[in-house]
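One is the number of the first residue; the rest follow in order along the sequence.
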Amino acid sequence: MQTNFTEGQLADPATARSNEILRSCVHCGFCTATCPTYLLLGDELDSPRGRIYLIKDMLENEKVPDAATVKHIDRCLSCLSCMTTCPSGVHYMHLVDHAREYIERSHKRVWHDRALRWLLSRVLPHPGRFRLALIGAKIARPLRRLIPDARLRAMLEMAGAPIAAPSRGDDAQVFAAEGARRMRVALLTGCAQRALDGEINAATIRLLRRHGCEVVIAKGLGCCGAIAHHMGRTGESRDFAAANIRALAAEIDGAGLDAVVINASGCGTTVKDYGHMFEGSALGPDAARVAGLARDVTEIIETLGFRARPEPPRLRVAYHAACSLQHGQGVRAAPKDLLRQAGFEVVEPKDAHLCCGSAGTYNLLQPEIAGRLGARKVETLEATRPDVIAAGNIGCMMQIGAGSAVPVIHTAQLLDWASGGPIPAGLSAARG
């Protein structure tokens with residue numbers, strides 16, 4: 001694609017990066033075949049190719065974004081399926097991230113949009129605040145049908161989920177490896193996940209320790225920054241990321257780390273991009289070191305070699321590939337291979353590459369589209385007639401679990417159970 005940025009514009013690193021990305025696009029349209037919003041809405045402007053044209057025009061001409069441009073950019077899930085499909089290697093993630101930052105800086109949303117985004121950015125990254133918000137939402141939930149704003153109704157619908165109590169296992173500490181130590185790893189404990197399902201971290205720690213990992217919960221860890229980042233609130237996202245980088249760099253420089261383990265794939269995609277986020281800044285070298293060590297939990301267990309218990313569980317597992325894992329990180333085979341090694345029969349749904357509609361805060365900000373995508377994903381998963389659905393991202397688990405009676409369990413919990421840990425609570429309740 002031909003671009004016409006001025007030398008002055010290209011002096012800005014973000015614009016220079018967007019220029020590189022735009023120039024790599026050849027207008028082929030392969031991305032439209034795998035874009036969930038284009039397949040659902042049929043509008044070229046709701047495809048990656050259409051959004052690329054909108055972003056180019058907005059950035060090149062330094063326009064104040066109009067309502068139509070903002071609408072179509074907001075409708076993007078950032079599922080990154082287009083990046084998997086693209087034959088030209090267009091790095092759409094960095095481009096749409098820049099566009100969202102530009103919109104946040106240049107476009108004044110209506111007051112209730114600003115208020116909602118402010119609320120989400122102030123609540124979701126903080127487990128304590130999120131728990132309080134869920135309690136309040138549970139109280140208001142019976143009145144949700146009386147609320148005209150679909151986004152607020154979606155937030156109250158989320159309140160149907162259980163609330164996880166604070167876990168001392170998420171406090172700064174070190175868990176010794178069982179047997180000979182093979183790795184020393186730090187676990188990113190996350191934010192929203194801790195308020196929604198605290199057992200995921202506990203199962204992850206048991207799984208890692210059982211496979212020879214000394215597990216560090218570093219002092220100062222918190223939200224990875226993804227929630228604010230995907231709303232274009234770059235300053236806030238960098239503050240969260242910087243705190244994690246400093247905490248993890250201290251561990252690297254201290255007793256050392258072999259990996260930074262992440263069990264929420266949406267966080268993993270962001271942490272693996274820390275080097276780009278802080279490129280050229282004083283924190284850049286440490287950010288690159290942390291990003292270089294970041295691994296999904298399944299990548300670590302695959303490296304170490306899974307150890308199944310003598311009599312593994314025999315269940316039919318429908319594996320849901322989170323977009324942030326399969327498209328954002330390119331981790332596709334490891335989770336399925338490990339589940340098979342654990343003794344499960346693994347099946348995949350039709351159109352496994354398509355998003356479930358969760359996408360961070362997307363199901364709260366775009367509930368109508370998210371609802372349609374969620375219903376489609378549940379239908380294809382249930383068509384495989386599974387005993388349990390496995391996923392590696394808390395947002396996907398909540399989205400799918402809201403529409404399915406089949407238990408939705410984190411992959412790490414199933415692997416923990418299959419290697420000697422307790423049966424996951426959600427699965428135990430379903431089996432009576």
Taking salt bridge (charged side-chain N to carboxylate O under 4.0 Å, His left out) as the test, write out the residues that go with Arg131, two or more places apart.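 Arg131 satisfies salt bridge (charged side-chain N to carboxylate O under 4.0 Å, His left out) with no residue once adjacent residues are dropped.
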
Can you tell me if [atom1] on [X] sees more than 12 non-hydrogen neighbours from other groups inside 6.0 Å?
X      : atom1 : result
Glu44  : CD    : yes
Phe175 : CZ    : yes
Glu379 : CD    : no

Between [X] and [Y] (side chain of the first, backbone of the second, donor and acceptor by atom type, cut-off under 3.5 Å), is there such a pair?
X      : Y      : value
Arg316 : Glu345 : no
Gln399 : Ala370 : yes
Thr361 : Leu364 : no
Asp351 : Leu354 : no
Ser106 : Tyr102 : yes
Arg332 : Gln326 : yes
Thr3   : Arg23  : no
His320 : Ala391 : no
His211 : Arg307 : yes
Arg184 : Glu214 : no

With side chain to side chain donor-acceptor pair (under 3.5 Å) as the criterion, how do His98 and Ser18 come out once you've worked through the C-alpha distance, each side chain's angles and the decisive distance to 0.1 Å? CA-CA 7 Å; His98 182 203; Ser18 291; 2.6 Å; yes

With a 4.5 Å limit on heavy-atom distance, are the side chains of [X] and [Y] in contact?
X      : Y      : result
Leu95  : Leu22  : yes
Thr69  : Leu45  : no
Cys224 : Leu188 : yes
Asp286 : Ile252 : no
Glu251 : Val260 : no
Pro422 : Arg206 : yes
Leu187 : Asn263 : yes
Gln413 : Asp197 : yes

Might you work through the side-chain contact (heavy atoms from CB on, under 4.5 Å) test for Cys191 and Phe130, ending with a clear yes or no? CA-CA 9 Å; Cys191 51; Phe130 192 19; over 6 Å; no

What's the verdict on side-chain contact (heavy atoms from CB on, under 4.5 Å) for Asp416 and Arg210, showing C-alpha distance, side-chain angles and the deciding distance? CA-CA 9 Å; Asp416 173 49; Arg210 193 177 299 120; 2.9 Å; yes

Please report the shortest heavy-atom distance between Leu381 and Pro349, naming the atom on each side. CD2-CG, 3.6 Å

Nearest heavy-atom neighbours spanning Arg309 and Gly421: NH1-O, 4.3 Å

List the atom pairs, donor and acceptor, that lie under 3.5 Å between side-chain atoms in residues 264-271 and the rest of the protein, sequence neighbours left out.
unit_1, atom_1, unit_2, atom_2, d
Ser265, OG, Ser324, OG, 2.6
Thr269, OG1, Ser265, O, 3.3
Thr269, OG1, Ser324, O, 2.7

Charged N to carboxylate O under 4.0 angstrom, [X] versus [Y]?
X      : Y      : value
Arg75  : Glu368 : no
Arg17  : Glu20  : yes
Lys336 : Glu348 : yes
Glu299 : Lys272 : yes
Arg51  : Asp46  : yes
Arg182 : Asp258 : no

Over 60° means perpendicular and under 30° means parallel, so classify the ring planes of His94 and His91, tilted if in between.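 Judged by the thresholds at 30° and 60°, the geometry between His91 and His94 is parallel.
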
Parallel, tilted or perpendicular for Trp417 and Phe344, by the 30°/60° rule? tilted

Which distance, rounded to the nearest 0.5 Å, do you find between the CG of Leu221 and the CG of Asp171?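 Going from the CG atom of Leu221 to the CG atom of Asp171 covers 11.5 Å.
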
Side chain to side chain donor-acceptor pair (under 3.5 Å) between Gln366 and Asp74: does it pass, once the steps are laid out? CA-CA 8 Å; Gln366 301 284 338; Asp74 283 352; 4.8 Å; no

Residue pair Ser78, Arg100: steps toward the side chain to side chain donor-acceptor pair (under 3.5 Å) verdict: CA-CA 11 Å; Ser78 287; Arg100 287 184 168 136; 2.4 Å; yes

Residue that, paired with Asn201, satisfies side-chain hydrogen bond (donor to acceptor under 3.5 Å, both in side chains) out of Arg194, His410, Gln193: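 Only match with Asn201 under side-chain hydrogen bond (donor to acceptor under 3.5 Å, both in side chains): Gln193.
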
